[in-house]
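Scroll down for the structure; my scribbles are underneath it.
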Amino acid sequence: VSHSLDSYLILSVLLFSVGVFGFLAKRNAIAMLMSIELMLNAVNLAIVAFGAFTPELAEQATTIALFVIAVAAGEATVGLAIVIAIYRNRRTPLVDEYASMRE
Amino acid sequence: VGLPDTVPFLGWSWDDLAFLMLSGVLLGAALLVVLSRDIIRSGLWLVLSFAGLAGIYVLLGSPLMAVTQVLVYIGAVAVLILFAIMITQSKSGPAPLVFQRQWWVGLGAAVAIAILLLVSVLLTAWPAAVTDLLPADVRAVAALLFDEYLFPLQVVGLLLLAAVIGGLYLARRDEEMPETNVTRVVLPGEGRSE
């Protein structure tokens with residue numbers, strides 16, 4: 001099981017869809033950001049798995065995965081800062097109460 | 001102490017056992033992140049799922065990625081998320097209010113994406129199974145990072161700087177501007193107990 005690419009890709013798919021569900025179903029903005037982190041982790045797992053099973057791409061895959069981690073860290077920083085800034089004004093982290101652009 | 005070649009009584013290789021256990025931890029923790037009612041617990045389960053993924057990276061022969069995962073995700077991102085939770089902490093709502101009312105649409109979308117991706121994964125002929133996963137050469141990764149990928153590396157550095165400045169600017173308390181405290185709408189079914 002552990003030496004076939006399929007099992008790692010299936011694990012990645014399952015992790016990604018858990019993240020998709022969390023992102024679409026949760027009301028709390030921070031929980032949505034956590035689901036985004038789950039999805040990014042799933043993508044990274046797929047990248048590293050492809051690299052591990054294609055020897056000539058192993059180093060490239062690690063490099064790309066490192067870039068993904070760096071960009072994800074930046075995304076988390078700005079995303080959480082935005083949530084905190086909105087929380088200052090609206091006193092709630094629940095996204096369906098941010099209705100001022102709709103009204 | 002030498003281990004037997006296969007797991008006693010099961011006949012699996014040790015790698016398979018480690019893979020199954022780690023993927024169980026990873027998926028279980030990820031499900032608990034999404035399903036748990038208390039947001040602090042979600043954050044702590046998120047740490048466990050990051051750790052499970054670090055174990056999977058070790059199994060894939062990429063200890064560099066495992067170390068980075070622990071340092072960046074568990075050490076930085078998870079702590080950042082936990083701090084943000086503590087700043088914006090509100091009482092965890094009653095059970096139906098943790099999820100959107102249309103949560104079943106999200107479930108449908110997630111299942112549809114999972115099925116589509118699984119079909120495409122299973123129908124594609126991937127490279128054959130390898131007998132042993134060689135560890136990625138860290139020296140070669142460094143050479144690649146500072147030679148072929150030097151420009152992207154600089155761009156990522158700039159992006160991180162911009163993210164730090166942007167994050168500080170956004171999260172900073174505005175002194176001169178009064179806070180526009182919009183009174184919070186109390187939904188039906190949500191307790192007013194404070």
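In what follows, every chain begins at residue 1, and chains take the letters A, B, ... in the order their sequences are listed.
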Nearest non-hydrogen partners of Lys26(A) and Ser36(B), listed with the distance
NZ-O, 3.2 Å

Value for CG (Leu122(B)) from CG (Asp6(A)), rounded to nearest 0.5 Å, stands at 6.0 Å

same_hphob_cluster(Leu11(A), Met21(B)) at 4.5 Å side-chain heavy-atom cutoff:
yes

Can you tell me how far the CD1 atom of Ile30(A) sits from the OG1 atom of Thr88(B), to the nearest 0.5 Å?
3.0 Å

With a 4.5 angstrom heavy-atom cut-off, which part of Phe23(A) approaches chain B: side chain, backbone, both or neither?
neither

Heavy atoms only, distances under 4.5 angstrom: which of Ala162(B), Ala112(B), Ala163(B) has the most pairs with chain A? Name it, please.
Ala163(B)

Leu35(B) to Phe21(A) - nearest heavy-atom pair and separation
CD2-CE2, 4.1 Å

Glu59(A) CD to Leu64(B) CG distance, which is reported to the nearest 0.5 Å
10.5 Å

For Leu159(B), is it the side chain, the backbone, both or neither that has a heavy atom under 4.5 Å from a heavy atom of chain A?
side chain

Let me confirm one number: the CD-OH distance from Glu37(A) to Tyr73(B), rounded to the nearest 0.5 Å.
5.0 Å

Same apolar cluster (I L V M F W Y, side chains within < 4.5 Å links), Leu57(A)/Leu66(A)
no

Against chain A, label Ile81(B) side chain, backbone, both or neither, depending on which of its atoms sit under 4.5 Å from a heavy atom there.
both

Which residue out of Phe50(B), Trp104(B), Trp103(B), Tyr57(B) racks up the most heavy-atom pairs below 4.5 Å with chain A?
Tyr57(B)

Working to the nearest 0.5 Å, report the span between CD1 of Ile56(B) and OH of Tyr8(A).
6.5 Å

Can you name the nearest heavy-atom pair linking Thr62(A) to Ser62(B), along with the distance?
OG1-OG, 4.1 Å

I'd like to know if Ile40(B) and Leu46(B) are part of one continuous hydrophobic network [Ile/Leu/Val/Met/Phe/Trp/Tyr, side-chain heavy atoms within less than 4.5 Å].
yes

Can you tell me which of Val138(B), Leu168(B), Val105(B), Leu153(B) forms the most heavy-atom pairs within a distance under 4.5 Å of chain A?
Leu153(B)

Taking Ile69(A) as the starting point, is it possible to reach Val58(B) by hopping between hydrophobic residues whose side chains are less than 4.5 Å apart?
no

Leu118(B) portion near chain A, given a 4.5 angstrom heavy-atom threshold
both

Residue from Ile113(B), Leu53(B), Leu17(B), Thr124(B) scoring the most non-hydrogen pairs under 4.5 Å with chain A is Leu53(B)

Leu80(A), part contacting chain B, at a heavy-atom distance under 4.5 Å
side chain

How far apart are the C-alpha atoms of Phe99(B) and Arg27(A), what are their side-chain angles, what is the distance that settles it, and do they pass the side-chain contact (heavy atoms from CB on, under 4.5 Å) test?
CA-CA 5 Å; Phe99(B) 295 100; Arg27(A) 291 176 73 211; 5.7 Å; no

One option among Leu144(B), Val77(B), Leu117(B) has the most heavy-atom pairs under 4.5 Å with chain A, and it is Leu144(B)

Nearest heavy-atom neighbours spanning Ala73(A) and Val72(B):
CB-CG1, 4.4 Å

Does any heavy atom of chain A fall under 4.5 Å from the side chain of Val156(B), the backbone, both, or neither of them?
side chain

Can you tell which part of Gln102(B) gets under 4.5 Å to a heavy atom of chain A, answering side chain, backbone, both or neither?
neither

Path from Tyr149(B) to Val155(B) over hydrophobic side-chain contacts below 4.5 Å:
no

So which of Leu14(A), Leu45(A), Leu33(A) has the largest heavy-atom pair count under 4.5 angstrom toward chain B?
Leu45(A)

In short, Leu160(B) meets Ala70(A) closest at the heavy-atom pair CD2-O, 3.5 Å

Ala114(B) versus chain A, the contacting section by heavy-atom distance below 4.5 Å
both

Heavy atoms only, distances under 4.5 angstrom: which of Val20(A), Ile84(A), Val48(A) has the most pairs with chain B? Name it, please.
Val48(A)

Indicate the atoms forming the closest heavy-atom contact of Ala81(A) with Leu170(B), along with that distance.
CB-CB, 3.9 Å

Expected output: side-chain Arg88(A) to main-chain Ala171(B) donor-acceptor under 3.5 Å
yes

side-chain contact (heavy atoms from CB on, under 4.5 Å) between Leu38(A) and Ser49(B), worked out:
CA-CA 8 Å; Leu38(A) 286 181; Ser49(B) 76; 3.8 Å; yes

Return the set of residues passing side chain to side chain donor-acceptor pair (under 3.5 Å) with Glu75(A) (not counting sequence neighbours), or none when no residue passes.
none

For Asn44(A), what residues pass the side chain to side chain donor-acceptor pair (under 3.5 Å) criterion, not counting sequence neighbours?
none

I need the residue from Val111(B), Val34(B), Val121(B), Leu26(B) with the largest number of non-hydrogen atom pairs under 4.5 Å to chain A.
Val34(B)

Could you tell me the separation between the CH2 atom of Trp45(B) and the CE atom of Met34(A), rounded to the nearest 0.5 Å?
13.5 Å

Which residue out of Ile10(A), Thr63(A), Val71(A), Ile86(A) racks up the most heavy-atom pairs below 4.5 Å with chain B?
Thr63(A)

